[in-house]
**Q** 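Mind looking over this structure? Questions follow.
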Amino acid sequence: MNKQARIFVAGHRGMVGSALVRRLAAEGYSNVVTRTRAELDLTDQAAVNRFFEVEQIDVVLLAAARVGGIFANASQPGQFIYENLVIETNVIHAAYRARVERLVFFGSSCIYPKLCPQPIREEYLLGSALEPTNDAYAIAKIAGLKLCEAYNREYNTQYVSLMPTNLYGPNDNYDLNSSHVLPALLRKAHEARLDGFPSLMVWGSGTPRREFLHVDDLAAATLFVLENDITDGLFNVGVGEDLAIRELAECICKVVGFEGELVFDASKPDGTPRKLLDVSRLAQMGWRASIGLEEGIAATYRDFVETYASTGAAALQA
Ligand code: GDP
């Protein structure tokens with residue numbers, strides 16, 4: 001891909017978008033275009049059309065989305081389905097109208113059926129029913145990847161969809177009501193250590209299994225797709241290994257230096273029992289994740305401590 005290409009990173013303040021911007025800068029891409037939500041509201045179709053008409057964008061990285069953990073998804077399904085559908089249709093259709101050739105759409109592993117065989121292959125999509133705690137979000141993301149596939153078929157665009165497993169890294173959401181498990185436990189363990197608490201509350205039974213990918217690995221995979229002229233299809237992006245939530249909590253406590261006990265709160269939902277992606281499709285093309293979990297959590301914890309120390313707990317609320 002041309003280093004002068006005009007690349008629009010939609011959602012550049014989020015965890016994925018900010019990782020993409022860092023990676024593009026590190027690789028020498030000099031024309032990265034970003035807009036804050038105040039400058040361009042991606043739910044406003046007319047504004048999105050105008051933006052694409054004037055900006056001469058070559059590549060879109062569509063990382064703007066309403067995202068959240070199990071509690072936020074289960075309690076605000078209307079906002080999750082509406083905002084994600086409208087952002088995807090606005091951006092993908094406006095990009096096509098403005099003759100943007102290449103686009104990468106980011107989804108999530110929760111698009112796959114609740115009880116599908118593990119590890120999850122891309123072809124299991126739509127094989128059976130979704131996990132009910134996040135089906136509204138998943139339906140919106142499935143619609144987004146189908147938009148890309150349909151536009152490629154009908155209009156010869158080159159729109160690719162990446163489905164990362166659970167992500168973590170800098171600029172994550174640390175608000176305990178809407179965050180995912182890894183940032184939530186990182187914050188809780190940090191505060192428990194500082195406040196000298198004897199225990200740490202972990203939601204659910206601790207037995208569900210999840211896979212965690214550092215967001216810098218997702219940014220690397222995205223550049224791999226763009227630079228290797230992968231122009232169509234759906235690709236899982238993960239590390240190929242999972243662990244139980246209890247083991248994740250233990251690893252986080254070790255990194256943070258919290259030595260109290262883990263207490264499991266059975267009143268909170270477990271969600272889907274296991275979510276491990278089969279990553280062989282992208283591996284066969286030559287890409288693999290390179291950041292190990294403990295190393296990645298340690299780097300994220302350093303970043304968290306800097307943010308936390310400079311801004312305080314209130315700034316961590318969504
Ligand atoms: P999911 O992967 O879509 O289910 O989303 P989450 O990352 O929010 O949750 C993953 C698993 O971690 C679920 O079984 C949660 O119950 C469990 N979990 C344990 N402690 C926490 C916590 O403090 N916050 C969140 N969000 N999940 C937790």
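Atoms within a ligand are numbered from 1 in the order they appear, just like the ligands themselves. All figures in this text were calculated on a predicted structure; none of them were measured in a lab.
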**Q** Please list, chain by chain and in numerical order, all residues satisfying side-chain contact (heavy atoms from CB on, under 4.5 Å) with Glu131, sequence neighbours excluded.
**A**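 Glu131 satisfies side-chain contact (heavy atoms from CB on, under 4.5 Å) with Lys114, Thr133, Asn134, Thr272 once adjacent residues are dropped.
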**Q** Out of curiosity, Tyr159 OH to Glu101 CD, how far, rounded to the nearest 0.5 Å?
**A** 8.5 Å
**Q** Every pair of nitrogen or oxygen atoms between ligand 1 and the protein that is under 3.5 angstrom apart - can you list them with their distances to 0.1 Å?
**A**
{"from": "ligand 1", "atom 1": "2 (O)", "to": "Asn166", "atom 2": "ND2", "distance (Å)": "3.2"}
{"from": "ligand 1", "atom 1": "2 (O)", "to": "Arg210", "atom 2": "NE", "distance (Å)": "2.8"}
{"from": "ligand 1", "atom 1": "2 (O)", "to": "Lys275", "atom 2": "NZ", "distance (Å)": "3.3"}
{"from": "ligand 1", "atom 1": "4 (O)", "to": "Arg210", "atom 2": "NH2", "distance (Å)": "2.9"}
{"from": "ligand 1", "atom 1": "7 (O)", "to": "Val181", "atom 2": "N", "distance (Å)": "2.9"}
{"from": "ligand 1", "atom 1": "8 (O)", "to": "Ile70", "atom 2": "N", "distance (Å)": "3.0"}
{"from": "ligand 1", "atom 1": "14 (O)", "to": "Asp270", "atom 2": "O", "distance (Å)": "2.6"}
{"from": "ligand 1", "atom 1": "16 (O)", "to": "Pro269", "atom 2": "O", "distance (Å)": "2.6"}
{"from": "ligand 1", "atom 1": "20 (N)", "to": "Trp203", "atom 2": "N", "distance (Å)": "2.9"}
{"from": "ligand 1", "atom 1": "23 (O)", "to": "Lys188", "atom 2": "NZ", "distance (Å)": "2.8"}
{"from": "ligand 1", "atom 1": "26 (N)", "to": "Ser179", "atom 2": "O", "distance (Å)": "2.9"}

**Q** Hey, could you give me the CD1/OH distance between Ile87 and Tyr82, rounded to the nearest 0.5 Å?
**A**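 Going from the CD1 atom of Ile87 to the OH atom of Tyr82 covers 9.5 Å.
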**Q** Could I get the full list of salt bridge (Lys or Arg N to Asp or Glu O under 4.0 Å) partners for Glu294, not counting sequence neighbours?
**A** Lys254
**Q** Any side chain to side chain donor-acceptor pair (under 3.5 Å) involving residues 6-15? Give me the pairs, sequence neighbours left out, ordered by first then second residue.
**A**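 Residue pairs passing side chain to side chain donor-acceptor pair (under 3.5 Å), neighbours aside: Arg6-Glu55.
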**Q** Under 30°, 30 to 60°, or over 60°: which ring-plane class applies to His93 and Tyr96, parallel, tilted or perpendicular?
**A** tilted
